[in-house]
Amino acid sequence: MRLLYSKPSPYSSKVRMAAHLCDLHLDLVPTNTGDEAAELTEANPLGKIPALILDDGSTLYDSRVICEYLDRLTGNPIIPQAADAWAATKRIEALADGMTEAAMAALYEKRYRPEPMWYEPWMDKQWRRAHRALDALEREVTALPEKPNLAHLAVSSDLAWVQLRFPEELNGRHPKLAGWLGRFFASHPELAALAPQA
Ligand SMILES: N[C@@H](CCC(=O)N[C@@H](CS)C(=O)NCC(=O)O)C(=O)O
């Protein structure tokens, strides 16, 4: 299986961590979404990473679908199947990924639009969303089970991306989350190696 990914992408990082815990090898294909290359848009018409190309040529996206697939393929090592535990895991994944999505929208506003077109009220709304999600994550991480599951992977890859792009948000505004991330990666260096990188 081939994974179209990039090193800084938090969603790609989550998928790579998932593959690691599922003991699956993925061939990594560095992909710049800005190029809108045919290999990417044919694999994922949305032109986003991560996208997984299976051995039969069929493709899977987005990161949540890919993680579900890898988990099912290998007997559910990372997603609990009992209804309550499944719901808790998937809700935290949605919370962490949604936090990143909001912060990324604010980042893209400045990256892709000329400065005179930046729309502050819209960026402020994204940041209010991200801050509420970070506050909620601060409460949620204390209840995560000891053994890493998909929730840990989503939270750690998303927080590591925030630390990369907006270090003050984590180290300054949410030191408890920064502490949780540091401890999690110290206990799981093999996952830390797959965290988003510049
Ligand atoms: N919901 C998607 C989000 C994927 C996503 O936004 N990926 C980013 C990189 S981390 C991307 O491809 N951005 C390029 C773009 O939006 O044009 C997932 O979970 O995979």
Side-chain angles (χ1 to χ4, degrees), residues 1-22 24 26-54 58-73 78-79 86-87 89-114 117-119 122-123 125-127 129-130 133-134 137 149-167 169-170 181 191 193-198:
M1 293 186 280
R2 303 170 70 228
L3 183 73
L4 309 190
Y5 89 113
S6 78
K7 278 192 170 178
S9 159
Y11 308 113
S12 304
S13 166
K14 179 182 62 175
V15 166
R16 293 175 66 202
M17 290 181 185
H20 176 79
L21 291 187
C22 293
L24 288 169
L26 303 179
D27 288 330
L28 298 176
V29 183
T31 302
N32 180 350
T33 55
D35 296 342
E36 293 182 274
E39 185 175 36
L40 173 62
T41 55
E42 282 164 15
N44 178 358
L46 304 172
K48 293 187 176 193
I49 52 171
L52 187 69
I53 306 176
L54 304 185
S58 61
T59 64
L60 279 182
Y61 47 87
D62 60 5
S63 68
R64 294 183 204 179
V65 176
I66 298 171
C67 289
E68 287 274 355
Y69 178 73
L70 301 181
D71 182 64
R72 278 172 195 232
L73 213 52
I78 57 168
I79 305 181
W86 179 91
T89 304
K90 293 295 289 181
R91 184 178 55 77
I92 292 175
E93 180 189 29
L95 178 64
D97 283 4
M99 178 279 296
T100 298
E101 194 180 297
M104 201 176 281
L107 179 80
Y108 283 178
E109 177 81 1
K110 290 192 168 175
R111 182 181 289 174
Y112 293 119
R113 302 188 82 188
M117 295 174 75
W118 292 352
Y119 188 54
W122 188 85
M123 286 189 284
K125 182 173 184 186
Q126 299 305 326
W127 275 115
R129 199 192 309 267
L134 286 165
L137 283 170
N149 65 28
L150 180 65
H152 301 70
L153 306 187
V155 174
S156 62
S157 57
D158 285 313
L159 291 183
W161 179 83
V162 172
Q163 205 162 45
L164 183 67
R165 295 298 188 220
F166 302 101
E169 288 295 331
L170 214 60
L181 185 65
L191 298 178
L194 303 174
Q197 286 169 23

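The first residue in the sequence is number 1, and the count goes up from there. Atoms within each ligand, like the ligands themselves, are counted from 1 in listed order.
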**Within residues 28-41 or reaching into it, pairs that qualify as salt bridge (charged side-chain N to carboxylate O under 4.0 Å, His left out) - sequence neighbours excluded** =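 Non-adjacent pairs meeting salt bridge (charged side-chain N to carboxylate O under 4.0 Å, His left out): Arg2-Glu39.
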**Asked** Under the side-chain hydrogen bond (donor to acceptor under 3.5 Å, both in side chains) test, which residues partner Lys48, sequence neighbours left out?
**Response**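 Residues passing side-chain hydrogen bond (donor to acceptor under 3.5 Å, both in side chains) with Lys48: none at all.
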**Asked** From Met1 CE over to Ile66 CD1, what is the distance, rounded to the nearest 0.5 angstrom?
**Response**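 CD1 of Ile66 is found 10.0 Å from CE of Met1.
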**Asked** If you take all heavy atoms of Pro8 and Pro196, which pair is closest and at what distance?
**Response**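 For Pro8 and Pro196, the tightest heavy-atom pair comes out as O-CB, 3.3 Å.
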**Request:** Salt-bridge test for Glu68 and Arg64: reply yes if a basic N is under 4.0 Å from a carboxylate O, no otherwise.
**Result:**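 Looking at Glu68 and Arg64, the cut-off is not met.
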**Request:** Return the protein residues near ligand 1 (heavy atom under 4.0 Å from any of its atoms), ordered by chain and residue number.
**Result:**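 Around ligand 1, where the cutoff is 4.0 Å for heavy atoms, the contacting residues are Ser9, Pro10, Tyr11, Thr33, Lys48, Ile49, Pro50, Asp62, Ser63, Met104, Tyr108.
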Only pairs under 3.5 Å count here: list side-chain donor-acceptor contacts from residues 96-108, not counting sequence neighbours, and write none if there are none.
unit_1	atom_1	unit_2	atom_2	d
Asp97	OD2	Lys14	NZ	2.5
Thr100	OG1	Ala96	O	3.3
Thr100	OG1	Asp158	OD1	2.7

